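Reading through the structure tokens given below for one structure.
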Amino acid sequence: MKKKKDKKLLSWKEAYAVNQKAFRLLYRRYPQMFTSRIICVVWEALTPYVGIYLSALLIEELSTSRNPQVLARLVLITLLSAAVISLLSAFLIKWRDTQCAGMYFKVKQIFTKKLLDMDFVSIDDTKTHEMLSTIDQNQNGGGWGLYRVIGNYEAIVSAILTLLGGIALTVTLFTQPVPESAGSLTVLNNPLFVLAVIFVMLAVTYIAPALSNKAGSYYAHRADSHNLANRLFGFFGWLGYHQEFATDMRIYRQDIICDKYNSSKTDTFGSKGIFAQYAKGPIGFYSAASAAVSVIFTGFVYVFVCLKAWAGAFGIGSVTQYIASVTRLSSSVSSLIGTAGDMRNNASFLKLVFEFLEIPNTMRQGNLPVEKRSNRDYEIEFKDVSFQYPGSDEYALRHVNMKFKAGERLAVVGQNGSGKTTFIKLLCRLYDPTEGVILLNGTDIREYNYLDYLALFSVVFQDFKLFAFTLGQNVGVKVSYDKKMAERCLRKAGFGERLDTLEDGTETYLYKEFSKAGVDISGGEAQKIALARTLYKDAPFIVLDEPTAALDPIAEAEVYLNFNDIVGDKTAIYISHRLSSCRFCDDIAVFHEGELVQRGSHEQLSADTKGKYYELWNAQAQYYH
Ligand code: ADP
């Protein structure tokens, strides 16, 4: 077995701080959930003592005066109290369950919200995804992380209450003296003996959970290894469920290679895996030892309580009360120690959760409002802009200088990897330039309110996504959208004919996830819907990244033909590696290896026989003409 370095435990102080932080975070978001759980816990911790106390009274009465009236009254009270307690318990549990419904997903939402709020640059960073994936695996594999905090706080409150109740019912076990007539058993009255008994009880009470924690720590310390196995299973184990893989799976029998990867998880969870070895070795030993110590403890309690009863310190009725309350007392101390240990084990996982939740948003957010210009009189300028992706040594863009005005049609062309999409991402402020500055009407775009600035752009990225909502909701990106406008935009984008075939028009669901009557659409149709979405937003700048890549030649020609009409008075930036599709733009920017190498109209650029445009045009011409 390969020895791995243990995940370092945090100090108790650090563990306490991070658990408290997690509690505050969860409580602020879901206070009702905590209140209902805690009230339930208080109720569940205290009510058993009513039963313990009443049955002790009953046994006592039975073993002494056996007065039928007293007995009848006691039985009635016992039954009534049991009924009332059960009723109230059911009510409280229902309340708690209602409050906690979907708790797992509520906790997940904390992460989703963070992802939505973080700078795009962090979203794009693989480190962020690794972190999130580890957090997920910690949760799915061992139940470690934020969600565990809820149960742990509940367990702590429960244990403290049970402990207090246990102490209250146990004190007299030690204080009631054995009568002098008991002879040598009067040693049970000796304070030193009492202290020794309490000490032994506490020691044993500590040892059982400590051993159990030790067993549990093997899982926590090897989280990385079951994370990997879970990750493999999470991906390869469910491939059959995904419709999008179904065709390739069949043609290439990808299930065979996937199965191979999937089965490598048996290295971790199989009978020869690391956890099986632990189970045969230390985990098994510590768990068994912990159970044995608990049984020895119960035996010890029986001996002590029975001895005192035998010696005459109290009646036989109290024996059950003391045994039950000492056992509960001990289990509450065990639970307290166990939960504290668990919270400490969980602390390093929580630390990672907060590392993720506290990823800083470093993008400068100005507060200058973007002027709403009715004549869409905007001018954008890239001034000596260079850009490196985070973690990359290469420049994706180098010293780009360019200006364009509202109402213009700009085509950005170049080979794959020449920097076209990066240029758009900078323009839309998904990233800030590494060097240089981008100006909107002469002002650095970082000075503007971020959301205001984003509102200027409608973009169809190459990897756009549509939802399984209605067609109209996809176009309007709203639950209640303007139906007429959505229709108009769809027709403009070339979706008119298809729209006419749909019985429910814009109310038709896309895909079948939410409606049996949903329609499946082709890649080209999806692209038209995405185009309609950009038109619906009605932003002054419209950016189309390879918008006709999935269209058939006729539909493509149609889009070009209507391009001016589609775009109207907006500024259009059109990206393509297919030069023929950009000919209709009077302003073409040519990118090559991250640099803007040429700019002009098709005629101007193709006249320069040494230029990149000429080279690309001629290289592609043979396929298109
Ligand atoms: P184009 O759109 O012209 O095909 P891109 O702008 O996508 O080109 O890419 C320009 C360069 O930046 C390429 O070398 C590409 O590998 C690199 N690049 C693109 N996206 C990332 C990223 N997220 N991280 C690191 N490098 C990237």
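Treat the numbers as computed from the prediction; the structure is a model and nothing was measured. Numbering of ligands and ligand atoms starts at 1, following listing order.
- Near N416, meaning under 4.0 Å from one of its heavy atoms, ligand 1 places the atoms 4 (O).
- Salt bridge annotation for D500-R498: absent, with no cationic side-chain nitrogen under 4.0 angstrom from a carboxylate oxygen.
- Considering backbone and side-chain N/O atoms, S418 comes within less than 3.5 Å of an N/O atom of ligand 1.
- Listed by chain and number, the residues in a ring-ring contact (aromatic ring centres under 6.0 Å, His included) with H602 are Y613, W617 (sequence neighbours excluded).
- The proximity of Q415 to ligand 1, defined as any non-hydrogen pair under 4.0 Å, is limited to the backbone.
- Closest protein heavy atom to atom 23 (N) of ligand 1: D124 OD2, 3.3 Å.
- K612 is linked by a side chain to side chain contact (heavy atoms under 4.5 Å, CB included) to Q415, V590, H592, V597, Q598, E615, L616, counting only residues two or more places apart in sequence or in another chain.
- Assignment of G417 to the shell around ligand 1 is supported, since a heavy atom sits closer than 4.0 Å.
- Using a 4.5 Å heavy-atom threshold, the side chains of L456 and L440 count as touching.
- Comparing heavy-atom distances from atom 27 (C) of ligand 1 across F591, Y389, F387 singles out Y389 as nearest.
- Checked against a 3.5 angstrom limit, the closest N/O atoms of A396 and ligand 1 fall outside it.
- Considering backbone and side-chain N/O atoms, K420 comes within less than 3.5 Å of an N/O atom of ligand 1.
- Within the 4.0 angstrom cut-off, atom 16 (O) of ligand 1 has no protein heavy-atom neighbours.
- A side-chain N or O of T422 and one of Y389 form a donor-acceptor pair less than 3.5 Å apart.
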Report the C-alpha separation of F245 and Y241 in whole Å, then their side-chain angles, then the decisive distance to 0.1 Å, and conclude whether the ring-ring contact (aromatic ring centres under 6.0 Å, His included) test is met. CA-CA 9 Å; F245 295 131; Y241 285 68; over 10 Å; no
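- Counting only heavy atoms of the protein, atom 7 (O) of ligand 1 lies nearest to T421 CB, 3.8 Å.
- Within 6.0 Å of the CZ atom in R253, the count of heavy atoms belonging to other residues, nucleotides or ligands does not exceed 12.
- The contact set between ligand 1 and T422, taken as ligand atoms under 4.0 Å from a residue heavy atom, comprises 5 (P), 6 (O), 9 (O), 10 (C).
- Of the residues listed (F354, Y147, F356, W144), the one engaging F349 in a ring pair (Phe, Tyr, Trp, His ring centres under 6.0 Å) is W144, and it is the only one.
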